[in-house]
Amino acid sequence: MCLECGCSETEGVTIDGDPIDAKEHKHHHRHDHQGDHHHHHEHDNSHSDGDAREIAIKQNILEKNDHIAEHNRQHLRSLGVFSMNWISAPGSGKTALLECMIREYGAKLPIFVIEGDQQTDNDSRRIVDAGAKALQINTGAACHLDAEMIHRALHKVDLGESRLLVIENVGNMVCPTAYDLGEDLKVAIVSSPEGEDKPVKYPDLILAADVLLINKTDLIPYLDFDLENCVRLAKQVNPQITIFPVSAKTGEGFKAFFDWFCQKADLQL
């Protein structure tokens with residue numbers, strides 16, 4: 001997983017085309033003394049126990065991330081901006097769903113999108129063409145966004161009249177799940193071509209998510225996909241998760257999801 005492979009480092013990451021300085025990144029969060037002390041303490045006591053040392057390193061990475069994430073969360077709330085973190089496999093239709101939301105509701109709910117991809121600004125250009133503001137984060141070798149990347153991105157943008165921030169994470173159903181970005185709502189997305197058993201294949205995401213969108217319902221008549229079974233499997237993993245079957249192509253089901261999160265966020269339109 002990415003906690004071991006080192007892709008949580010910022011080398012190679014760019015935000016709106018500007019590279020992140022890895023040394024600056026490491027220095028910037030040295031104020032987190034409690035996290036650093038915890039790391040060194042665990043390290044010193046675990047030379048003979050590789051498993052204990054590995055756990056300590058994981059805890060240290062996530063503690064620092066969660067500290068920054070909480071800062072992000074409070075900052076966004078102080079601005080009156082509701083935030084969502086969209087996580088899925090590549091090709092599930094995250095960007096297409098965002099385009100649908102922007103075109104249908106962007107006039108009455110100003111939306112800002114932070115796009116996460118390893119390379120290219122293809123998706124951020126699609127978001128701008130749909131009618132919303134966007135900022136691109138390219139993660140290079142990293143397979144997820146983390147709270148520090150979002151923290152730096154927020155310092156580069158003027159959210160202005162935006163009331164909703166959507167973070168479209170890197171296409172990956174595993175690594176992004178471990179990283180709180182400071183969002184109010186974590187959204188999992190699967191699509192019908194991926195297979196109805198996706199929720200049980202990737203349970204960590206379903207357990208972490210507040211809501212699941214099952215996209216590309218327009219393709220179900222042409223596939224061996226049982227929607228009711230997909231819903232059942234997701235509920236088996238997380239009985240509390242809210243589920244919306246949707247189609248980015250036809251717009252089916254999207255109004256129900258939109259109305260639900262607006263109510264949850266107390267967004268008066």
Side-chain angles (χ1 to χ4, degrees), residues 13-18 20 28 68-88 93-117 120-139 145-170 176 179-189 209-211 213 215 242 244 246-248 251 253-269:
V13 176
T14 63
I15 299 177
D16 199 27
D18 296 328
I20 284 182
H28 180 71
I68 303 167
E70 187 56 32
H71 173 78
N72 293 344
R73 184 173 290 109
Q74 295 305 320
H75 173 68
L76 289 168
R77 287 179 178 175
S78 72
L79 297 175
V81 176
F82 187 77
S83 57
M84 294 192 283
N85 177 11
W86 287 24
I87 302 174
S88 78
K94 294 189 300 297
T95 309
L97 285 168
L98 281 172
E99 289 173 313
C100 177
M101 181 166 66
I102 292 163
R103 288 178 176 137
E104 290 295 321
Y105 305 105
K108 57 182 177 180
L109 179 64
I111 302 168
F112 196 102
V113 178
I114 293 178
E115 279 289 344
D117 286 296
T120 82
D121 63 350
N122 294 351
D123 287 352
S124 60
R125 286 190 282 111
R126 285 173 61 183
I127 294 301
V128 171
D129 288 345
K133 294 181 180 179
L135 180 76
Q136 182 72 51
I137 299 178
N138 290 124
T139 60
L145 297 173
D146 64 23
E148 170 70 10
M149 296 178 197
I150 300 303
H151 173 77
R152 289 171 177 266
L154 291 175
H155 278 283
K156 292 177 71 72
V157 301
D158 179 7
L159 293 175
E161 300 300 315
S162 300
R163 299 178 63 196
L164 173 65
L165 171 67
V166 179
I167 301 166
E168 183 180 342
N169 221 309
V170 179
Y179 288 82
D180 181 10
L181 304 181
E183 73 271 11
D184 295 304
L185 197 69
K186 195 183 300 292
V187 181
I189 302 167
D210 303 286
V211 59
L213 303 182
N215 191 26
T242 301
F244 295 96
V246 296
S247 169
F254 202 85
K255 185 178 186 303
F257 167 61
F258 183 84
D259 291 344
W260 174 82
F261 81 71
C262 283
Q263 183 177 17
K264 192 174 184 66
D266 195 26
L267 292 169
Q268 304 297 325
L269 304 181

Asks: Assess whether salt bridge (Lys or Arg N to Asp or Glu O under 4.0 Å) is satisfied between K156 and D18, documenting all intermediate values.
Replies: CA-CA 10 Å; K156 292 177 71 72; D18 296 328; 2.8 Å; yes
Asks: Give every donor-acceptor pair under 3.5 Å between a side-chain atom in residues 96-110 and any protein atom, sequence neighbours left out.
Replies:
from: E99; atom 1: OE1; to: R126; atom 2: NH2; distance (Å): 2.8
from: E99; atom 1: OE2; to: R126; atom 2: NE; distance (Å): 3.2

Asks: Side chains of D266 and F82: does their closest heavy-atom pair fall under 4.5 Å?
Replies: no
Asks: Measuring from L145:CG to I87:CD1, what's the distance to the nearest 0.5 Å?
Replies: 9.0 Å
Asks: Kindly compute the distance separating CD1 (I68) from OH (Y179), expressed to the nearest 0.5 Å.
Replies: 11.0 Å
Asks: Could you state the interatomic distance from CZ (F112) to CD1 (I127), rounded to the nearest 0.5 Å?
Replies: 11.0 Å
Asks: Minimum heavy-atom separation for L185 to W260, with atom names?
Replies: CD2-CZ3, 3.9 Å
Asks: Output the distance between atom CG (L164) and atom SG (C262), rounded to the nearest 0.5 Å.
Replies: 8.0 Å
Asks: Which value, rounded to the nearest 0.5 Å, describes the distance between N169 atom CG and E115 atom CD?
Replies: 10.0 Å
Asks: Distance-only, no hydrogens or angles: does the E148 side chain make a donor-acceptor pair with backbone N or O of D146 under 3.5 Å?
Replies: no
Asks: Taking all heavy atoms of I137 and all of I150, pick out the closest pair and write down the distance.
Replies: CD1-CD1, 4.2 Å
Asks: Under 3.5 Å, is there a donor-acceptor pair between the N72 and E70 side chains?
Replies: no
Asks: With sequence neighbours excluded, what pairs up with S124 under the side chain to side chain donor-acceptor pair (under 3.5 Å) test?
Replies: Q136
Asks: State the CG-OG1 distance between L213 and T242, to the nearest 0.5 angstrom.
Replies: 10.5 Å
Asks: Quick one: does N138's side chain get under 4.5 Å of D117's, heavy atoms only?
Replies: yes
Asks: Going through the distances and angles, do L269 and R163 end up as a side-chain contact (heavy atoms from CB on, under 4.5 Å)?
Replies: CA-CA 10 Å; L269 304 181; R163 299 178 63 196; 3.8 Å; yes
Asks: Determine whether a donor-acceptor pair (N or O, by modelled atom type, separation under 3.5 Å) exists between the side chain of N85 and the backbone of K186.
Replies: no
Asks: Kindly assign one of parallel, tilted or perpendicular to the pair F258 and F261, based on the angle between their ring planes and the thresholds 30° and 60°.
Replies: perpendicular
Asks: Is the closest side-chain heavy-atom distance between L165 and L154 below 4.5 Å?
Replies: yes
Asks: Applying salt bridge (Lys or Arg N to Asp or Glu O under 4.0 Å) to R125 and D129, what does each step give before you reach the verdict?
Replies: CA-CA 6 Å; R125 286 190 282 111; D129 288 345; over 6 Å; no
Asks: Check this for me: does any side-chain nitrogen of one of R73 and D180 sit under 4.0 Å from a carboxylate oxygen of the other?
Replies: yes
Asks: Can you name the nearest heavy-atom pair linking M149 to I15, along with the distance?
Replies: O-CD1, 3.5 Å
Asks: May I have the step-by-step check of salt bridge (Lys or Arg N to Asp or Glu O under 4.0 Å) for K264 and D210, ending in yes or no?
Replies: CA-CA 11 Å; K264 192 174 184 66; D210 303 286; 5.7 Å; no
Asks: Over all heavy atoms of both residues, which pair between N215 and A248 is shortest? Give the atoms and the distance, please.
Replies: OD1-N, 3.1 Å
Asks: What heavy-atom pair brings E168 and T95 nearest, and what distance separates the two atoms?
Replies: OE2-OG1, 2.7 Å
Asks: Could you please spell out the steps behind the salt bridge (Lys or Arg N to Asp or Glu O under 4.0 Å) verdict for D158 and K133?
Replies: CA-CA 10 Å; D158 179 7; K133 294 181 180 179; over 6 Å; no
